[in-house]
Amino acid sequence: HLFGFKSELVSQLNSFQFVMEFTLGLIVVVLSAATAIVTSTPGAGKNLKWITLTTFALWVFLSSILAGHYKFPLTFDIGYKQITSLCLKSLVVSAIIPGALLLFIIRKAAPTQLGWSGAFAILGGAVLGSVVLDYSCITDNAFHVLFSHILPVFLLMGAGVLIGRWALKW
C-alpha cells in the first residue's frame, strides 16, 4: 500500500486540482520543517508560524474540496475498514521518519518553544504522509479521505505538541 501507486494515477496527474493539492502539501511540508527549526530559536518565527498555519489551512481546504469530488458510495463493509486501517497505519509510518528526524535536529538547537516545535515537526511528516497516500490509496470515498487522510494530520499535530514537550526537553 505504501509503495504501490493507484491505477488512475496518470489521469490524476493531469488534473489541475490534484496537482494543486500536491503542490500545497509539499509547501506545507517545507514550511513546517522551516517553522519547526526557526521556532526553536527564542523570539523567532512568529510570522512564519502564521504563514505555515495559513498554508496548512489552504491545503486542508483544497483537500476537502477535492474530497467532495470523490465518489460518495458509503459502504462500511469489511474491505472499507481494512483500507481505512491500512491508510491510517501508512500515514503514521510515513510521518515517523521525517518527524523524528526534525525532532532530532531541533533538539540539538536547544529549543525554547517545545510544543510549537514539536507540532510543526510532526505536521511536516504527517502532511508528507498524506500526500504520499493520495498517490497510493485505492479508494476515493470522500469520508475515507477526510477521516483517514486529513483528520489524522490534525491529530498527529496535536500529538506533536505533547511529543515536543517530552522529547525536546533539555
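Annotation for K169 and L114: closest pair CG-CD1, 4.1 Å, computed over non-hydrogen atoms. Of all non-hydrogen atoms in G118 and L168, the two that sit nearest each other are N-CD1, 3.9 Å. G125 and P98 get closest at one heavy-atom pair: CA-CG, 3.9 Å. Taking each heavy atom of G25 and V131 in turn, the nearest pair found is CA-CG2, 3.9 Å.
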Where do V30 and L26 land on the side chain to side chain contact (heavy atoms under 4.5 Å, CB included) test, with the steps shown first? CA-CA 6 Å; V30 171; L26 288 183; 5.6 Å; no
Decide side chain to side chain contact (heavy atoms under 4.5 Å, CB included) for L91 and H149; before the verdict, give the C-alpha distance in whole Å, the side-chain angles of both, and the deciding distance to 0.1 Å. CA-CA 7 Å; L91 179 63; H149 296 202; 5.9 Å; no
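Taking CD1 of I51 as the reference point, atom CD1 of I27 lies at 12.0 Å (rounded to 0.5 Å). Distance check, rounded to the nearest 0.5 Å: CD1 of I122 to OG of S117 gives 11.5 Å.
Enclosure of atom CD1 in I97 is not indicated, since only 12 or fewer non-hydrogen atoms of other residues, nucleotides or ligands lie within 6.0 angstrom.
Under the side-chain contact (heavy atoms from CB on, under 4.5 Å) criterion, T54 pairs with no residue, sequence neighbours left out.
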Which donor-acceptor pairs under 3.5 Å do the side chains of residues 153-164 make with protein atoms, sequence neighbours left out?
none

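Looking at heavy atoms from C-beta onward, P152 lies out of side-chain contact with V92 at the 4.5 angstrom threshold.
Among residues at least two apart or in separate chains, ring-ring contact (aromatic ring centres under 6.0 Å, His included) pairs with a member in residues 91-116 are W116-F120.
Between the side chain of S130 and the backbone N or O of A126, no donor-acceptor pair lies under 3.5 Å. No donor-acceptor distance shorter than 3.5 angstrom exists from the side chain of R107 to the backbone of L102, with no hydrogens or angles considered.
Follow the hydrophobic side-chain contacts under 4.5 Å out from V127 and you never reach L88; the two are in separate clusters.
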